[in-house]
2 protein chains.
Amino acid sequence: MAQYSADLDGVFVALADPTRRGVLRRLGRGPVSVGDLARDVPMTLPSFLKHVRMLETSGLISTVKAGRVRTCVLNRERLGLVDDWLAAERRAWEDRTDRLEQLLSEEDHP
Amino acid sequence: MAQYSADLDGVFVALADPTRRGVLRRLGRGPVSVGDLARDVPMTLPSFLKHVRMLETSGLISTVKAGRVRTCVLNRERLGLVDDWLAAERRAWEDRTDRLEQLLSEEDHP
DNA sequence: GCAATACTTAGCCTCATGGCACAGTATTCG
DNA sequence: CGAATACTGTGCCATGAGGCTAAGTATTGC
């Protein structure tokens with residue numbers, strides 16, 4: 001659970017940057033090399049590479065190097081963490097809402 | 001759209017901290033004062049207050065001060081931003097998958 | 001082999017985050 | 001009124017994010 005939380009930290013941090021979200025969007029259309037990704041971004045390559053590394057350590061993408069080209073692939077299932085978190089939050093709210101409605105209906109018919 | 005992206009930045013940054021996620025979870029059960037929230041957290045009040053402010057500027061919570069007590073309330077609808085972003089990502093993937101499957105089926109029956 | 005390509009490393013800068021302590025303000029209670 | 005309560009403001013510090021330049025390494029193409 002502590003690990004779950006740390007993973008979630010990493011994923012949310014990774015998502016909190018437009019450059020990185022842009023990379024994810026692009027990778028949704030298939031694997032792309034670092035160089036090709038960087039061409040779309042107004043930034044030097046070393047700076048951009050930091051974003052790629054961060055996406056990789058968050059688990060949102062994987063990369064493999066073949067020759068001198070590093071290719072990035074989206075790990076779609078990783079966003080399941082966000083889904084799960086959202087679902088858990090909402091479950092908590094709804095439990096509360098249920099109890100609240102129950103309480104209200106008891107007041108209606110005591 | 002630029003604003004949408006900036007809003008998303010703020011929300012993801014806010015969610016990228018266990019303390020703040022804990023606050024949201026707690027607020028899911030109803031409004032709570034800053035002091036009560038702080039009691040659960042191993043941190044000084046001024047430090048904790050920074051988290052509350054950050055949650056507020058991200059739009060995930062609202063706060064009102066009555067007398068000397070500031071009460072925090074969850075803005076549930078704000079998480080819709082995350083839903084929307086997730087949905088948009090997935091739509092992009094699926095479009096691609098559709099095209100890919102179409103391509104494959106064309107290869108099967110040229 | 002040599003030059004171009006595609007990263008990669010290293011070092012530096014600035015600003016934001018997340019923590020602290022300490023002192024202040026505004027309300028409320030006796 | 002005076003003390004306790006509940007924040008709030010200020011200033012400090014360490015760390016890490018996000019950008020840069022300059023130089024280095026490993027592959028590939030001619």
Side-chain angles (χ1 to χ4, degrees), chain A residues 2 5-27 30-74 78, chain B residues 2-3 5-27 30-74:
Chain A
S5 183
D7 285 358
L8 219 42
D9 286 1
V11 168
F12 280 132
V13 168
L15 295 179
D17 181 289
T19 298
R20 291 190 293 262
R21 288 197 303 274
V23 169
L24 295 180
R25 177 64 62 101
R26 175 83 184 273
L27 290 181
V32 185
S33 72
V34 168
D36 283 353
L37 286 172
R39 246 179 292 283
D40 292 350
V41 177
M43 193 181 295
T44 61
L45 195 56
S47 301
F48 180 70
L49 201 54
K50 283 193 189 178
H51 289 292
V52 172
R53 300 285 192 207
M54 197 170 297
L55 283 168
E56 191 172 16
T57 52
S58 78
L60 285 166
I61 71 169
S62 300
T63 77
V64 275
K65 187 150 187 178
R68 60 187 168 177
V69 175
R70 180 174 295 277
T71 299
C72 305
V73 194
L74 189 59
R78 189 66 169 168
Chain B
Q3 193 50 50
S5 184
D7 285 356
L8 218 42
D9 286 1
V11 168
F12 279 132
V13 167
L15 295 179
D17 181 289
T19 298
R20 290 190 293 260
R21 288 197 302 276
V23 168
L24 295 180
R25 177 63 62 99
R26 176 85 185 273
L27 291 181
V32 186
S33 72
V34 168
D36 283 352
L37 286 171
R39 246 179 292 284
D40 292 350
V41 176
M43 194 181 295
T44 60
L45 195 57
S47 301
F48 179 71
L49 201 53
K50 282 194 188 178
H51 290 292
V52 172
R53 299 284 192 209
M54 197 170 296
L55 282 168
E56 192 171 16
T57 52
S58 79
L60 286 166
I61 71 170
S62 300
T63 76
V64 276
K65 186 149 187 179
R68 60 187 168 178
V69 175
R70 180 174 294 277
T71 299
C72 306
V73 195
L74 190 58

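Since we're looking at a predicted model, the values are computed, not measured. Computed from heavy atoms alone, side chains included, the values below leave out hydrogens, waters and symmetry copies. To find a chain, count down the sequence lines: A is the first, B the second, and so on, and within it residues start at 1.
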Within the 4.5 Å heavy-atom criterion, are [X] and [Y] side-chain neighbours or not?
{"X": "A:L15", "Y": "A:L24", "answer": "yes"}
{"X": "A:L60", "Y": "A:M54", "answer": "no"}
{"X": "A:L27", "Y": "A:V23", "answer": "yes"}
{"X": "A:L49", "Y": "A:V34", "answer": "yes"}

task = Measure from CZ on B:F48 to C1' on C:dA21 and round the result to the nearest Å.
result =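 B:F48 atom CZ is separated from C:dA21 atom C1' by 19 Å.
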message = Output the rounded distance in Å from CG (A:L45) to P (C:dA10).
response =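 Between P of C:dA10 and CG of A:L45: 16 Å.
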task = Check each of A:T71, A:L37, A:D40 against A:V32 using the side-chain contact (heavy atoms from CB on, under 4.5 Å) test, and report the only one that passes.
result =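 That would be A:L37; it is the only one of A:T71, A:L37, A:D40 passing the side-chain contact (heavy atoms from CB on, under 4.5 Å) with A:V32.
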Just the atom pairs and distances: protein N or O near nucleotides 15-18 of chain C's N or O, under 3.5 Å.
residue	atom	partner	partner atom	Å
C:dG18	OP1	B:R20	NH2	3.3
C:dG18	OP2	B:R20	NH1	2.8
C:dG18	N7	B:K50	NZ	3.1

task = For A:R39, report the nucleic acid contact type (base, sugar-phosphate, nothing); a contact means any heavy atom under 4.0 Å.
result =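 The residue A:R39 makes no contact with any strand.
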Could you tell me which residues satisfy side chain to side chain contact (heavy atoms under 4.5 Å, CB included) with [X], sequence neighbours excluded, listed by chain and number?
{"X": "B:T19", "result": "B:D17, B:V41, B:M43, B:F48, B:H51"}
{"X": "B:R39", "result": "B:D36"}
{"X": "B:P18", "result": "A:S5, A:D9, B:R21"}

task = Using only side-chain N and O atoms of A:R70, determine if any of them is under 4.0 Å from OP1 or OP2 of C:dT8.
result =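 A:R70 to C:dT8 OP1/OP2: side-chain N or O found under 4.0 Å.
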request  = To the nearest 0.5 Å, tell me how far B:L8 CG sits from B:S58 OG.
outcome  =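 Output value for this atom pair is 11.0 Å.
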key: Rounded distance (nearest 0.5 Å) linking atom CZ of A:R53 with atom CD1 of A:I61   =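 Atom-to-atom, A:R53:CZ and A:I61:CD1 are 9.5 Å apart.
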ask   = If you pin A:P46 and B:S33 to their nearest nucleotides in DNA chain D, which one's is more 5'?
value =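 Mapping each residue to its closest nucleotide by heavy atoms, the 5'-most match is B:S33.
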message = Below 4.0 Å from chain B heavy atoms, what is the first contacting nucleotide of DNA chain D and what is the last?
response =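 With heavy atoms of chain B under 4.0 Å away, the range is D:dA4 to D:dG9.
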message = Keeping A:R20 on the side-chain end and A:V13 on the backbone end, is there a donor-acceptor pair under 3.5 Å?
response =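 Present.
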Members of residues 57-66 of chain B that approach DNA chain C, where some heavy atom sits under 4.0 Å away =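 DNA chain C contact set from residues 57-66 of chain B: none.
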